[in-house]
Protein chains: 4
Amino acid sequence: MPKVGMEPVRKKQLIEATLEVMAEVGYHGTTISLISKRAGLSSGIISHYFGDKQGLIEATMRHLLEALKITQRIDDPLERIDFIIENNFSQTQGASSATNTWFNFWALSLHNEGLHRLQCINHKRLERNLAFSYRKLLKPEQVKNAAASTAALIDGYWLRYSMGSVGNGDFSEAVARCKQYVRDLVAQYGR
Amino acid sequence: MPKVGMEPVRKKQLIEATLEVMAEVGYHGTTISLISKRAGLSSGIISHYFGDKQGLIEATMRHLLEALKITQRIDDPLERIDFIIENNFSQTQGASSATNTWFNFWALSLHNEGLHRLQCINHKRLERNLAFSYRKLLKPEQVKNAAASTAALIDGYWLRYSMGSVGNGDFSEAVARCKQYVRDLVAQYGR
Amino acid sequence: MPKVGMEPVRKKQLIEATLEVMAEVGYHGTTISLISKRAGLSSGIISHYFGDKQGLIEATMRHLLEALKITQRIDDPLERIDFIIENNFSQTQGASSATNTWFNFWALSLHNEGLHRLQCINHKRLERNLAFSYRKLLKPEQVKNAAASTAALIDGYWLRYSMGSVGNGDFSEAVARCKQYVRDLVAQYGR
Amino acid sequence: MPKVGMEPVRKKQLIEATLEVMAEVGYHGTTISLISKRAGLSSGIISHYFGDKQGLIEATMRHLLEALKITQRIDDPLERIDFIIENNFSQTQGASSATNTWFNFWALSLHNEGLHRLQCINHKRLERNLAFSYRKLLKPEQVKNAAASTAALIDGYWLRYSMGSVGNGDFSEAVARCKQYVRDLVAQYGR
DNA sequence: TATGAATGAGCCTTCATTCAT
DNA sequence: TATGAATGAAGGCTCATTCAT
C-alpha cells in the first residue's frame with residue numbers, strides 16, 4: 001500500500017512554496033514549475049492535491065487569512081485592541097515578506113468571486129473584532145466609526161510601510177502610531 | 001504621406017485604452033491585443049511607441065500618479081487638507097474604476113525598480129502635502145505623526161472601500177470620516 | 001493472505017469497464033483512471049494484468065470480436081444467413097452502444113499490426129460464413145460476389161444506422177433490408 | 001502593410017497537412033506540432049486561423065465531405081448512379097489514403113455535435129442523390145429501399161476494402177460490384 | 001507612421017506509468 | 001494480489017514580439 005496521510009504534509013509544503021515564490025517573483029512570475037521545484041516535488045502533484053493552479057492560489061490565500069484570526073482570549077479591551085493591531089502587522093515581519101503576495105491577492109480578488117468573498121469576510125471580521133472591544137471603551141455612537149477608522153489605519157499603515165516608502169523595514173513605528181490613535185480616541189470619546 | 005506629430009495623440013490613446021482594459025479584466029487579463037483593439041489601433045503600434053508592453057504599463061502608471069498631484073493653490077490649511085482627501089478619493093469614482101489597476105501597480109512596484117520609485121515618491125508627496133498644512137494647525141511635534149496617520153487613513157479607507165467590503169460603492173462616507181479625523185486631531189492637538 | 005485465481009475475474013471486470021467507458025466518452029476520453037474507477041479497482045491494476053493501456057485496449061477489442069463468432073449450428077442455409085445478419089446487428093442494441101467503440105477500433109487497427117490482423121480475420125470470417133450457406137443456395141459463380149456484397153451491406157447498414165443518420169435508433173429496419181437482399185439474390189441467382 | 005490574402009492559402013496548407021498527418025499517424029498521434037511542421041508553418045498559426053485544434057479538425061472534415069458533393073450534371077439515371085458510386089470511391093485512391101481519417105471522423109462525430117451533424121447531412125445527401133435517379137428506374141415503392149441499400153453497400157464495401165481485408169488496395173472490384181448491384185435491382189424491380 | 005501575419009517560447013494541464021508498501 | 005501517491009513527458013494554447021510591407 002502506498003504512503004498514506006501525506007495529504008496535509010504535501011499541501012503544507014506546496015502552500016509554503018507558493019508563498020515563497022510569490023514573495024520572490026510576484027504573482028506574474030509564479031509558475032507551477034517554480035512552485036513544485038521549490039517544494040521539491042513534481043509539477044503534477046499540484047493538480048493532484050489542488051485541482052489546478054487556481055486551487056493552490058486560493059488555498060494559499062485562505063491560509064494567509066487564517067493566520068489573521070484571533071485565537072487568544074484577552075479580557076481587557078484596550079489590551080485586546082493592541083493585540084489585534086500587533087497581530088495584523090506581525091504576519092509579514094519574516095525574511096520572506098508576504099507583502100507582495102497580499103497586493104496580488106487583493107488584485108486577484110477583484111476578478112475572482114471566491115477570493116473576493118474571502119477578502120470581504122476578513123475585512124469585516126477585523127472591524128467586528130475592533131468594535132467588540134470599542135463598545136466597552138467608547139460612547140455607543142462612536143463605536144462603528146472608531147472600528148472602521150482603526151481598521152483603515154492599520155491597513156493604510158501596513159500598505160505604506162510595506163511599500164517601503166516610509167519606515168525602516170519594520171512595522172514597530174506603525175504599530176506605535178496605531179496604538180496612539182486608539183488612545184486618542186479613548187481620550188476624546190471615552191464613555 | 002504619413003501623418004506627423006501623431007506621437008502624443010497615439011500615446012494618450014494607448015494609455016487610456018490600457019486603463020480601461022486593466023479596469024475591466026485585471027492586469028492578468030490585459031494583453032497587447034486587447035489594448036490595441038480598444039484603442040482602435042494595431043498591435044504593432046505599442047512596441048513602436050513604448051518599446052514593449054512593460055513600457056506602456058509604466059507610462060500608464062506614471063500617468064495615473066500624475067493625476068494625484070495638486071495643482072490648485074488653497075490657502076486655508078483645513079480647506080487644503082480637505083481638498084487633498086477629496087482628490088485622493090476622486091480618481092476612481094468614474095464608471096470604470098481604476099481600483100484593480102492600483103492594486104496591480106502596487107504589486108508590480110515591488111518587483112520593478114522604476115515603478116517602485118514612482119510609488120515611493122507619490123507616498124512621500126502626500127505626507128509632505130499634508131504636513132505642509134498641518135504645520136499651521138497643530139503643535140510642531142504632532143505634525144509628522146498627523147501627516148503619516150492621515151495618509152495611512154486615506155489609503156486604508158480607499159483600500160477597504162475599493163474592495164467593496166464596506167460602503168455602498170461610493171467613497172463619500174470614507175471622505176467624511178477622514179475629514180472628521182482631521183478635525184479630531186485639531187481639537188486635540190491644535191496649536 | 002492475498003486471494004488467488006483472481007486473474008480472470010479482474011480481467012473481465014476491466015474489459016467490461018473499458019467497453020462502458022469507451023461507449024460513454026469515446027476512445028479519446030478513455031483514461032486509465034476512468035476505467036479503473038468504473039471497475040472499482042485501482043489504476044495500478046491495469047499494468048498488473050495487461051502490461052499497459054494498449055494491452056487492455058487490445059484485449060477489449062479481441063473480446064468484442066469474439067462475440068461475433070457463430071457458435072450455434074443451423075442447418076437450413078437461408079435461416080443460417082438470417083442468423084448471421086441478426087448476430088451482426090445484435091451486439092450493440094444494448095443501452096450503452098458499442099458503436100463508437102467499433103469506429104475507434106477500426107481507426108486504431110490501421111496503425112496497429114495486431115489489431116489490424118484481428119479485424120481482417122473477422123472480416124474474412126464473415127464472408128466465409130456467408131459463402132458457406134450461399135453455396136447451397138446460389139449458382140457457384142455467384143457465391144463469392146453474394147458473400148462479399150452481403151457482408152458489405154451488413155457493415156454499411158450498421159455504419160449508417162449507428163451514426164444515427166437514418167432509422168429510429170434500432171436496427172430492425174436494417175436487418176429486414178439485409179434479409180430482403182438475400183432473398184432477392186436467391187430469386188435472381190438461385191440454383 | 002503585411003501580406004494580405006494569405007488566409008485561404010494558409011488554411012488550405014493546414015488542412016492538407018492535417019489530412020497527411022492523420023493518414024500517417026492516426027488522429028491519436030496528430031498533434032498541432034506535427035501539423036504545423038508538415039505545413040512548414042509555426043504552431044501558433046493554427047489558433048490564428050482556426051481558433052484551436054478542434055477548429056482545424058472540423059474544417060478538415062468539412063473539406064473532405066465537400067469533395068463528395070456531385071457538381072456535374074448527368075441526365076441518364078443509370079450513368080448518374082454509376083458516377084455517384086465512382087465518386088464515393090475515388091476520394092481515397094491517392095497515395096496518402098484518407099481512410100483512417102474517415103474512421104476517426106466517424107468516431108469523433110459520435111461525441112461532437114458539429115461533426116455529427118455534418119456526417120448526417122452527408123449520409124442523407126447520398127441517399128437523396130441515389131433516390132433521385134432510382135425514381136426514373138424503379139417502381140416507386142422500391143426507390144427508398146434501393147437508395148438506402150445502395151448507400152449502405154457503397155459504405156460497406158468502402159469500409160472493408162479500406163481495411164485491407166479484401167481486394168488489392170484498389171477499389172475497382174468494389175466499384176464493379178456496386179454497379180452490378182444496381183443493375184440487378186433494375187432487372188428485378190425496373191418499372 | 002502603421003499594419004497584422006507569423007513566430008515560438010513558455011505556460012498549465014493531462015495522464016500513462018512506476019514503485020514503495 | 002493490490003494500492004494510489006508521485007512522476008514527468010507531452011500536448012494544446014496564449015501572447016509578446018518581430019518584420020515585411
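Remember, it's a predicted structure, so these values are computed and weren't measured experimentally.
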Closest to side chain of S47(A), choosing from dC15(E), dA6(E), dT3(F)
dC15(E)
Just the rounded figure in Å: distance from C1' of dC11(E) to CG of D52(A).
13 Å
Run the salt-bridge test on E66(A) and R62(A) with the 4.0 Å N-O cut-off and return the result as yes or no.
no
Comparing Q54(D) and L41(A) on DNA chain F - which has the more 5′ nearest nucleotide:
L41(A)
Among dT17(F), dG4(F), dA9(E), which nucleotide sits nearest the side chain of S43(D)?
dA9(E)
Watson-Crick or G-U pairs under 3.5 Å in DNA chain F, rendered as dot-bracket with [ ] for crossing pairs and | for another strand:
.||||||||||||||||||||
Taking the cut-offs as 6.0 angstrom to the six-membered ring centre and 45 degrees off its axis, would you call K12(C) and Y49(C) a cation-pi pair?
no
Is there a side-chain contact between H63(D) and L19(D), using heavy atoms and a 4.5 Å cut-off?
yes
I35(D) CD1 - dG11(F) C1' separation (whole Å):
12 Å
Smallest separation among heavy atoms of R38(A) and V21(A), with atom names
CB-CG2, 4.0 Å
Here's a test of your reading of the structure: between G44(B) and T31(C), which maps to the more 5' nucleotide of DNA chain E?
G44(B)
Closest to the I32(C) side chain, choosing from dA6(E), dT17(E), dT13(E):
dT17(E)
For the residue pair S33(C) and S36(C), what are the closest heavy atoms and their distance?
O-OG, 3.1 Å
Starting at atom NZ of K11(A), determine the distance to atom P of dA5(F), rounded to an integer number of angstrom.
12 Å
Interatomic distance, K37(D) NZ vs dG8(E) C1' [rounded to whole Å]
11 Å
Heavy-atom nearest pair, A23(D) first then T101(D), reads N-OG1, 3.9 Å
Both H48(D) and I46(A) contact DNA chain E. Taking the nearest nucleotide for each, which residue is further toward the 5' end?
H48(D)
